[in-house]
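Structure first, commentary second.
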Amino acid sequence: MCGIIGIVGQSKVNQALYDGLTMLQHRGQDAAGIVTYKNNRLYLRKNNGLVRDVFHTRHMLNLRGKMGIGHVRYPTAGCESSAEAQPFYVNSPYGIALAHNGNLTNVEALKNDLFREGLRHINTDSDSEVLLNVFAHELHKLKKLQINQNDIFKAVRGIHKQCRGGYAVIAMITGLGILAFRDPYGIRPIVFGKRQTEAGMEYIIASESVAIDVLGFELVRDIAPGEAIFITVDGQLYTHQCADSPIHSPCIFEIVYMARPDSIMDGISVYKARLRMGKTLAKKILRLYPKHDIDVVIPVPDTSRTAAVQLAYILNRKYREGFVKNRYIPRTFIMQGQSLRQKSVRQKLNAINLEFKNKNVLLVDDSIVRGTTCQQIIQMARDAGAKKVYFASAAPPVRYPNVYGIDMPSVQELLAHNRTTEEIAQLIGADWLIYQDLEDLIACTRNKNIKQFDTSCFTGHYVTRDIDQNYLDQLEKHRNNAEKMKRQGCDTELLDLNHAV
């Protein structure tokens, strides 16, 4: 999961891109980057770290021009080198910069094809660099000195025919404009907006609508599965469906956990969906535990707050903030190394004892992945004086890896894999544990335009239908913690050719 943004404006866009990336910071805290365009030149700054740490005044002054794209990253493929910070750039043909959210599932085959057919060298382990080179190769095959939007859409059609997996992409072609497109299943989110200024129309593209709202743009709509939009440097908008048979299947975990509650995705209000999750979960509690002795409902901050408020209302129990969160600690389920995650939980949350002392507490979280967080939080609640600690997950059990761009761990690290609810409750130390039913989760999120979701992390059924056990075995090897920790040394082994544009 990453955050991407692009703006074609009538004035300097560096500050707007920076502000937009801060609105998308929750989607990735590993690295950040911006590339802008002015007078036939590109200006790039990217590095590891948070947005506020990567961009200083001297960098912002150098990000010139009225058009640019940006990216915040956490790694789902490759090592955690600054060489893999995005946007990526290739100079041939035309000079292209690209930012990508998602994960390609046939990346090795694509690498081989790129070398065999285009003699293209891939300098990193990032599938985003592969995708960029696929796009560049498709444009190169046109053999044209000058291209237009129809040529660009033809190249995107070629990408859809070759690339598998989930991807939302923003690319900037030097001197021409900004392109955005989405995989034929619409797994990863991407929206665009506009605003009228005295100088003319301005356009924005982003992973979530919150970036559009905060920057004062009007949300137009989501980019449809398989669709591409192209905005010329002078502000002309073109759209085209580039996939033969798109099937809208957005990732439901975006609504559960990833997205900000003030975002709208695929016509779904994340906030309203999470309210409904709390309501259906409360009804399940009343059905299974009609004589429950819950005194207070406390959310595990921050994502679960919306569901917990509604759950407490339906249960007719007090809602209280029992944990104070340190907002400067990254999300733990994407951290590498169990000891680091365990240490981080204690640094991230601190209990307010008076909300727990001598009470039967229901803790509410959006989901349980490894179980590291909830196990320690339950113990924190007991240490704070809780008599009993119950636990509710607004999502079903996460039993399978996500292969489309969310770095859920190897299957052996998933707490719910091959375990019953009772076994999980015992492992995390809860008096009882309750999960949302998948059917209820789908009902909470679905609207009339969405016929199905990607629910693979709950069911093991992958919407692209190209995931077999061999792929999952390779993914297991790639994602297990030992391998990740070994790859930490790769930072000095990669020649970073992507900073000099």
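All values derive from a computational prediction rather than experimental measurement.
- Taken to the nearest 0.5 Å, the NE2 atom of H137 stands 8.5 Å off from the CG atom of D113.
- Under the 4.0 Å criterion applied to side-chain N and carboxylate O atoms, D266 and R188 are not assigned as salt-bridge partners.
- Checked by atom type, the side-chain pair Y404/S456 shows no donor-acceptor distance below 3.5 Å.
- Although no hydrogens or angles enter the test, the distance criterion places a donor-acceptor pair under 3.5 Å between the side chain of K46 and the main chain of P87.
- A donor-acceptor pair is defined here as one N or O able to donate and one able to accept, closer than 3.5 Å; no such pair exists between the side chain of S249 and the backbone of D454.
- A 4.5 Å side-chain heavy-atom check between I406 and Y74 finds at least one atom pair inside the cut-off.
- In summary, K66 and E202 do not engage in a salt bridge, as defined by a charged side-chain N under 4.0 Å from a carboxylate O.
- Between the side chain of S263 and the main chain of A259, no donor-acceptor pair closer than 3.5 Å is present.
- Annotation for V72 and A32: closest pair CG1-CB, 4.1 Å, computed over non-hydrogen atoms.
- The distance from the CG atom of D19 to the CG atom of L24 is 11.0 Å, given to the nearest 0.5 Å.
- Between K154 and D151 there is no salt bridge, since no side-chain N of the basic residue sits under 4.0 Å from a carboxylate O of the acidic one.
- Inspection of the Q86 and S128 side chains reveals an N or O donor paired with an N or O acceptor under 3.5 Å.
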Q: For side chain to side chain contact (heavy atoms under 4.5 Å, CB included), just list the numbers for E84 and R73, CA-CA rounded to whole Å, side-chain angles, deciding distance to a tenth of an Å, and then say yes or no.
A: CA-CA 9 Å; E84 299 199 357; R73 173 186 188 264; 3.2 Å; yes
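- A distance of 13.5 Å separates CD1 of I178 from CZ of F192, quoted to the nearest 0.5 Å.
- Partner C251 forms a side chain to side chain contact (heavy atoms under 4.5 Å, CB included) with one of T455, V256, N402 and no other, that one being N402.
- Side-chain contact between F230 and F153: present, with at least one pair of heavy atoms (C-beta onward) separated by less than 4.5 Å.
- Nearest heavy atom pair, residue N449 against residue H248, reads O-ND1, 3.9 Å.
- For Y94, the OH atom counts as densely surrounded, since its 6.0 Å shell holds more than 12 non-hydrogen atoms of other residues, nucleotides or ligands.
- Heavy-atom minimum distance, L415 versus G371: CD2-CA, 3.8 Å.
- Rounded to the nearest 0.5 angstrom, I252 CD1 and F453 CZ are separated by 5.0 Å.
- For the pair E476 (side chain) and V411 (backbone), a donor-acceptor distance under 3.5 Å is present.
- Remark: side-chain polar atoms of E227 are paired, donor with acceptor, to backbone N or O of A224 under 3.5 angstrom.
- The nearest pair of heavy atoms linking R260 to E208 is N-OE1, 3.1 Å.
- Under the 4.5 Å side-chain criterion, counting only non-hydrogen atoms from C-beta, N47 is not in contact with F55.
- Remark: side-chain polar atoms of Y18 are not paired, donor with acceptor, to backbone N or O of L21 under 3.5 angstrom.
- Shown here for I5 and A211, the closest heavy-atom pair between the two residues is CD1-CB, 4.5 Å.
- Inter-residue side-chain proximity for Y185 and P225 is flagged as unmet; no heavy-atom pair is nearer than 4.5 Å.
- The shortest side-chain heavy-atom distance between I170 and L179 does not fall under the 4.5 Å cut-off.
- Salt-bridge formation is detected for the pair R27/E254: a Lys NZ or Arg NE/NH1/NH2 atom is positioned less than 4.0 Å from an Asp or Glu carboxylate oxygen.
- Counted within 6.0 Å of CG on L145, heavy atoms from surrounding residues, nucleotides or ligands total 12 or fewer; the atom is thus considered open.
- Within 6.0 Å of CD in Q146 there are 12 or fewer heavy atoms belonging to other residues, nucleotides or ligands.
- No side-chain heavy atom of D365 sits less than 4.5 Å from a side-chain heavy atom of Y257.
- The backbone N or O of C2 sits less than 3.5 Å from a side-chain atom of N101, completing a donor-acceptor pair.
- Taking a cutoff of 4.0 Å between a charged side-chain nitrogen and a carboxylate oxygen, R195 and E218 do not qualify as a salt bridge.
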Q) When you look at Q375 and R370, which way does the side chain to side chain contact (heavy atoms under 4.5 Å, CB included) test go after all the steps? A) CA-CA 10 Å; Q375 184 181 44; R370 286 185 174 95; over 6 Å; no
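- A heavy-atom distance below 4.5 Å is found between the side chains of F181 and Y167.
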Q | Chi angles and distances behind the side chain to side chain donor-acceptor pair (under 3.5 Å) call for S410, E413 | A | CA-CA 5 Å; S410 71; E413 295 179 65; 3.1 Å; yes
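- With rounding to the nearest 0.5 Å, the separation of CD1 in I205 from CD1 in I231 is 4.0 Å.
- The two residues Y238 and Q149 have their closest heavy-atom pair at CE2-NE2, 3.5 Å.
- A side-chain donor-acceptor contact under 3.5 Å links S269 to the backbone of K272.
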Q: With side chain to side chain donor-acceptor pair (under 3.5 Å) as the test, would you mind laying out the steps for H100 and E129 before giving the verdict?
A: CA-CA 9 Å; H100 164 224; E129 189 188 9; over 6 Å; no
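- Other residues, nucleotides and ligands place more than 12 heavy atoms under 6.0 Å from the NE2 atom of H59.
- Side-chain atoms of T105 and D466 include a donor-acceptor pair closer than 3.5 Å.
- In this structure, CE on M172 lies 11.0 Å from CG on L176, to the nearest 0.5 angstrom.
- Side-chain N or O atoms of N106 include none that pairs as donor or acceptor with a backbone N or O of A109 at under 3.5 Å.
- Between the side chain of T174 and the main chain of G95, a donor-acceptor pair closer than 3.5 Å is present.
- Counting heavy atoms from C-beta outward, V463 and I187 have side chains that approach closer than 4.5 Å.
- A salt bridge does not link K141 with E117: none of the charged nitrogens is closer than 4.0 Å to a carboxylate oxygen.
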